[in-house]
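Right, one structure below, let's go through it.
For reference, positions follow the sequence shown, starting with 1. Here the structure is a predicted model, which means the values were calculated and not measured.
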Amino acid sequence: MSDIKTPGFQSSEVFANIQQSVNALEAGEKSKVLKQVNGIFEFVIKNGEGKTETFTVDLKKDGKVMKGKGPGKADAIISIADADFIDLASGKLNGQKAFMSGKLKIKGQMMLATKLDTVFKNLAGNKAKL
């Protein structure tokens, strides 16, 4: 998990928490979450210094979170600022409003991004509205 945490990116803590939660799930619960979400998300996070980092959340095949691009093609690529991602994951920022205002950009399956609510509520331990 320490390889997910990245200095200068607060969002990496959220991804580490998601990985920890996925690893803690029993096999039955994990397959339920994979079936419910059924997607691979690639997050392109830009921090305050203008640096970008990519994180992949695979909730389609393996239930893995990794730093960088995943081995498979992402179903949805989400671009967001580090601070906005923290607000989104904690429920302070509404995903639809963030998308409409341009704070959140999505390439690929836009409707899949609505399932991120499940990810943040169940796996990140926070509430987010998408």
Residues pairing under ring-ring contact (aromatic ring centres under 6.0 Å, His included) where one sits in residues 84-105, two or more places apart or in two chains, turn out to be F15-F85, F43-F85, F85-F120

Notebook entry, point to check: Side chains of L88 and L104: does their closest heavy-atom pair fall under 4.5 Å?
Noted result: yes

Check whether any side-chain heavy atom of K5 sits under 4.5 Å from a side-chain heavy atom of E13, and report yes or no.
-> yes

Separation between OG (S12) and CG (N17), nearest 0.5 Å, reads 9.5 Å

Check your understanding: Hey, are the side chains of Q19 and I4 touching, using non-hydrogen atoms and a 4.5 Å cut-off?
Key -> yes

Members sharing M111's hydrophobic cluster, built from side-chain contacts under 4.5 Å between Ile, Leu, Val, Met, Phe, Trp and Tyr, are none

Determine whether M100 and L116 fall in the same hydrophobic cluster, where Ile, Leu, Val, Met, Phe, Trp and Tyr are linked whenever their side-chain heavy atoms lie under 4.5 Å apart.
-> yes

* Check the hydrophobic clustering (I, L, V, M, F, W, Y; side-chain heavy atoms under 4.5 Å; chains of links allowed) and say if V44 and F9 are grouped together. => no

Across all chains, not counting sequence neighbours, the salt bridge (charged side-chain N to carboxylate O under 4.0 Å, His left out) partners of K105 are none

Here the gap from T52 atom OG1 to N47 atom CG, rounded to the nearest 0.5 Å, amounts to 8.5 Å

task = Mark yes when over 12 heavy atoms from residues, nucleotides or ligands other than E53 sit less than 6.0 Å from its CD; otherwise mark no.
result = yes

Between the CG atom in L59 and the NZ atom in K35, the distance rounded to the nearest 0.5 Å is 15.0 Å

With sequence neighbours left out, the residues meeting ring pair (Phe, Tyr, Trp, His ring centres under 6.0 Å) with F41 are none

Between G39 and L112, the two heavy atoms sitting closest are CA-CD2, 3.7 Å

For E29, the salt bridge (charged side-chain N to carboxylate O under 4.0 Å, His left out) test, sequence neighbours excluded, returns none

CD of Q109 to CG of N38, rounded to nearest 0.5 Å, is 8.5 Å

For E42 and T54 the tightest heavy-atom approach is CG-CG2, 3.5 Å

query: Would you say L93 and D84 make side-chain contact, with heavy atoms under 4.5 Å?
result: yes

Identify all side-chain donor-acceptor contacts of residues 61-80 below 3.5 Å with residues at least two apart in sequence or on another chain.
residue	atom	partner	partner atom	Å
K67	NZ	T6	OG1	3.4
D75	OD1	K60	NZ	3.2
D75	OD2	I40	N	2.8
D75	OD2	K60	NZ	3.3

Checklist entry - For I45, does its backbone N or O pair with a side-chain atom of D82 as donor and acceptor, under 3.5 Å? => result no

